[in-house]
Amino acid sequence: MSPDNFYDMVYQVVRLIPAGRVTSYGAIANAIGTRGRTSRMVGYALKHAGSVHPQVPAHRVVNSQGLLTGKFHFGGSTMEQLLASEGVMVTDNKIVDFKKVFWDPATEL
DNA sequence: CACTTGACGATAG
DNA sequence: GCTATCGCCAAGT
């Protein structure tokens, strides 16, 4: 791997997210070391993720509120189904017990 | 090369 | 508690 760009770094971190767990854009940015300043770039990268890297669990990445902000870009309600399959309950586009399923790359990694 | 946009986050009102 | 605005940075046009 050559994490020369933010994109690659984001892909790596997202791929490290265990099933049944989720993380936030800010957390990923924090893990990379840019802390929130690149939070938007993280979402941008995830958008590319589905086209560049195979199976990057972008559905496990939500915003700081646990809201499935990117579900619309993912392809409808596919995101909820995937999370539900992993044991993550999603209600009204937001993750239930977000704090319980929250996985911090900077801490766990 | 300059401007615009963007899966966000935090702070202020 | 909710809404509005600013901040930060990179990629695309």
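Please read all numbers here as calculations on a predicted model, not as lab measurements. Residue numbering restarts at 1 for every chain, and letters A, B, ... go by the order of the sequence lines.
- A:His59 comes within 4.0 angstrom of nothing in the nucleic acid, heavy atoms only.
- Atom CD1 in A:Ile28 sits roughly 18 Å away from atom P in C:dC9 (whole-Å rounding).
- The stretch residues 82-90 of chain A has no heavy atom under 4.0 Å from DNA chain B, so no residue of it qualifies as close.
- Here A:Glu108 does not pair with A:Arg21 in a salt bridge; the nearest charged N to carboxylate O distance is not below 4.0 Å.
- Following rounding to the nearest Å, A:Arg40 (CZ) and B:dT4 (P) show an atom-to-atom distance of 15 Å.
- Atom P of nucleotide B:dC8 and atom NZ of A:Lys47 are separated by 12 Å, given to the nearest angstrom.
- The side chain of A:Thr69 contributes an N or O atom lying less than 4.0 Å from OP1 or OP2 of B:dC8.
- At whole-Å resolution of the value, NE2 in A:His73 and P in B:dG6 are 9 Å apart.
- With C:dA10, B:dA7, C:dC8 as the choices, the nucleotide that has an atom nearest any side-chain atom of A:Phe6 turns out to be C:dA10.
- For A:Tyr44 and C:dC8, the OH to C1' distance is 14 Å, given to the nearest whole Å.
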- Message: If you apply the rule side chain to side chain donor-acceptor pair (under 3.5 Å), what do you find for A:His59 with A:Gln81, and how did you get there?
- Response: CA-CA 10 Å; A:His59 58 271; A:Gln81 300 295 295; over 6 Å; no
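- Judged by the 6.0 Å and 45° rule, A:Lys99 forms no cation-pi pair with A:Phe102.
- Comparing B:dG9, C:dC9, B:dA7 by their nearest atom to the side chain of A:Met41 picks out C:dC9.
- Atom CG in A:Leu46 sits about 10 Å away from atom P in B:dC8, given to the nearest Å.
- Between C:dG12, B:dG6, B:dA7, one nucleotide has an atom nearer to the side chain of A:His48 than all others, and that is C:dG12.
- By the 30° and 60° cut-offs, the orientation of the rings of A:His53 relative to A:Tyr11 is tilted.
- Using a 4.0 Å heavy-atom criterion, one finds that A:Phe72 contacts no nucleic acid atom at all.
- Side-chain proximity of A:Phe74 to the nucleotides B:dA7, B:dG9, C:dG7 is greatest for B:dA7.
- Checking B:dA7, C:dC9, B:dG9 against the side-chain heavy atoms of A:Ser39 singles out B:dG9 as nearest.
- A distance of 8.0 Å separates CG of A:Leu67 from NZ of A:Lys94, quoted to the nearest 0.5 Å.
- In this structure, the separation between CD1 on A:Ile17 and OG1 on A:Thr23 is 5.5 Å, given to the nearest 0.5 Å.
- Among the nucleotides B:dG6, C:dC9, B:dG9, the one closest to any side-chain atom of A:Tyr25 is B:dG9.
- Applying the 4.0 Å criterion to OP1 and OP2 of B:dG9, one finds that A:Ser64 has a side-chain N or O inside that range.
- Annotation: side chain of A:Phe72 is in contact with side chain of A:Asn93 (closest heavy-atom distance under 4.5 Å).
- Summarising the geometry, the separation between CG on A:Asp8 and P on C:dA11 is reported as 11 Å, rounded to the nearest angstrom.
- Residue A:Ala45 is out of contact with every strand shown, counting any heavy-atom pair closer than 4.0 Å.
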- Item | side chain to side chain contact (heavy atoms under 4.5 Å, CB included) evaluation trace for A:Ser64 with A:Tyr25 | CA-CA 7 Å; A:Ser64 58; A:Tyr25 302 102; over 6 Å; no
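- Remark: C1' of C:dC9 and CD1 of A:Ile32 are 12 Å apart, rounded to the nearest angstrom.
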